[in-house]
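Throughout, protein chains are lettered first and strands after them, A, B, ... in sequence-line order, and every chain is numbered starting at 1. When reading the values below, keep in mind they use all heavy atoms of this one structure, side chains included, and skip hydrogens, waters and symmetry mates. In this text, all values refer to a predicted model and were calculated from it rather than measured experimentally.
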Amino acid sequence: MGDESWQTHLEVENDGLMRIRKHGTMNVDAMIVSSPEHMAKSSDSRSISQLVNIASMPGVVGEAWAMADWHFGYGFPIGGVLATDVNWGEEGGSISPGGVGFDINCGVRMVALECSIDDIPNLDKLAGRLNGRIPSGGSGKGGLDITQRELDEIVTRGTNAMVDLGYAYEEDMNSIESNGMLETDNGVSERAMNRGMKALGTLGSGNHFLELQTVQSVEDNNPHNLFEGQVVCMIHSGSRGLGHQVCTDHVRTLEDKYRNRDGVWQNDEWGFEIQDRQLAAAPVFSKEGQSYLDAMNGAANFAFANRSALTHRLRQTLATEIDVETRLLYDVSHNIAKIEDHVIHGKTCTCCVHRKGATRALPGQPVLVPGDMGTGSWLLEGKEGNRAFSSSCHGAGRLLSRSQAKKQIDGKALKRELESRGIRIHANTSNIISEEAPDAYKDVDEVIGLTNSAGLTKPIARMMPLAVIKG
DNA sequence: ATGTTC
């Protein structure tokens, strides 16, 4: 599946970058953080077709990007970064829910414990306690009990509301992207709000996790004063059913506004033409575009609050085992669209930047890149001159589909193997261990190497897993 | 990713 004519327009740009020259319906070139060797291993032509499709979106500027961990997604590839000019046309360039994804403001936070691995009296016991206190899996049971009024505050004010409710430290806000609060009038639908009532402080399933890690190595550039053997906690979760419902609501509304003419999807009202119905988009300043942005920001606030609630549980649980300071090092979003200024070909442009499975990486900003449960994770920082609208990869990237992984990998045997290497695994099912196995993912170190070579980031520290709590 | 097909 997928048109492969892009192959004849593919060039090597430098060590970590490939370029697809604009051709056919494309409005701009596409860039891939990759090398010929890496492309050959990640040869999924469907996702490259998706990259070509997004380079064809109305109002796109600069280049359409695929981060080194790109793979096939809903409309947009995961690992995709797309910027549109908000001053393009009458009501601005495209904003598309498919460019953000279903798990709005899915993201990662890293909490540094001011202690070394040797200061934890019993890691097995601590991991067991965390597993008991961190709700995970599909059921969504065991989260924080909140009222409708509290949920409204959370969706409207994000982390700020969590501080007021006593579920977050005030200083946490300084270490969260956008200070953990995006502007919204809370246009989140009633149905989405109802799904949110039961979900605050729950991890979810799939690749979401809470992981105790130890710092394996630190670069000379060490702005966060980390040390080898230090214990940290990484939390990966998003907006749960609330964000999923917001995406569903707006995808439906927008997809209904397009008609197929000769294989191209068109909206006459806006004069928009898209290559795939799943790319359904509205002009940023249209009623529909603003309505999506408003609800998306509300869902993003809920996701920030969810990670705060999980951090609260982490802090409570740690206190039962050890007297230790916890410092939120940073919290990044990897599924969001934001209005930002960027210099494109020498000119400043106000853009709507979609990052779907991609992390913002402003100069000096911490970038959190979890690998897989057996390999390790990275702390990077954004680099001056990042050409990808100040963005980075968000993980290792899938190599095997979930169904392939379940077929090929014995979850129980893998759990034993990881535990023999000192990695405690608490997962609800054996299937989830197979699906999230190291062999189901690309090599995170290779992905990080490409990202650094492409000039997007520089490394700060590498972490190894100690205990993994998963759905 | 997801009350895993309203």
Side-chain angles (χ1 to χ4, degrees), chain A residues 47 50 67 69-80 96-109 135-143 146 151 188-210 235-253 255-256 278 292 295-296 298-300 302-307 310 332-337 354-359 370 372-373 393-398 400-406 427-432 434-436 440-441 469-471:
Chain A
S47 59
Q50 290 187 319
M67 299 294 105
D69 54 338
W70 89 89
H71 53 108
F72 184 76
Y74 185 89
F76 283 61
I78 293 159
S96 171
V100 171
F102 278 83
D103 193 358
I104 293 167
N105 190 14
C106 187
V108 181
R109 71 166 51 183
S136 65
S139 83
K141 289 201 178 90
I146 48 167
L151 178 62
V188 171
S189 68
E190 192 181 336
R191 192 166 176 187
M193 290 293 277
N194 286 338
R195 290 179 71 172
M197 280 300 288
K198 295 164 283 190
L200 187 69
T202 65
L203 210 46
S205 60
N207 58 3
H208 290 170
F209 63 79
L210 180 145
I235 296 172
H236 178 199
S237 187
S239 51
R240 312 286 286 107
L242 186 148
H244 193 276
Q245 189 63 47
V246 166
C247 183
T248 303
D249 292 343
H250 290 264
V251 157
R252 276 194 197 141
T253 306
E255 287 186 0
D256 280 350
Q278 294 183 353
Y292 172 66
M296 184 205 70
F302 182 78
F304 284 133
N306 189 35
R307 292 195 286 277
L310 290 161
V332 289
S333 170
H334 54 227
N335 280 9
I336 199 136
H354 301 72
R355 295 189 184 90
K356 180 189 196 179
T359 303
D372 60 71
M373 59 165 98
C393 62
H394 83 310
R398 264 202 172 278
L400 302 179
S401 71
R402 292 189 177 278
S403 54
Q404 279 175 312
K406 268 186 287 201
N428 293 354
T429 66
S430 178
N431 270 345
I432 199 80
S434 305
E435 289 174 29
E436 294 297 314
Y441 282 89
I469 316 295
K470 291 192 65 70

_Ring centres under 6.0 angstrom apart (A:H236, A:H334)_ =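 Under 6.0 Å, so yes.
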
*Could A:R240 and A:F302 be counted as a cation-pi pair, given that NZ or CZ must be under 6.0 Å from the ring centre and within 45° of the axis?*
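Geometry flag: not set, cation outside 6.0 Å or 45°.
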
Are any protein N/O atoms closer than 3.5 Å to N/O atoms in nucleotides 3-6 of chain B? If there are, list each pair with its distance.
| residue | atom | partner | partner atom | Å |
| --- | --- | --- | --- | --- |
| B:dG3 | OP1 | A:R195 | NH2 | 2.1 |
| B:dG3 | N1 | A:R195 | NH1 | 3.4 |
| B:dG3 | N2 | A:R195 | NH1 | 2.8 |
| B:dG3 | N2 | A:R195 | NH2 | 3.4 |
| B:dC6 | O3' | A:R252 | NH2 | 3.3 |

*asked:* Restricting to non-hydrogen atoms, name the atom on A:Q278 and the atom on A:G75 that form the minimum distance, rounded to 0.1 Å.
replied: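 Looks like OE1-N, 2.9 Å.
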
*Any idea which heavy atoms bring A:M197 and A:I146 closest together, and the distance?*
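In this case the closest contact between A:M197 and A:I146 is CE-O, 3.1 Å.
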
_If only side-chain N and O atoms count, and only distance matters, is there a donor-acceptor pair under 3.5 Å linking A:R307 with A:N105?_
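The answer is yes; a qualifying pair exists.
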
*Across the strands shown, which category fits A:G206 at heavy-atom distances under 4.0 angstrom: base, sugar-phosphate, nothing?*
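Counting heavy atoms under 4.0 Å across all strands, the contact made by A:G206 is with sugar-phosphate only.
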
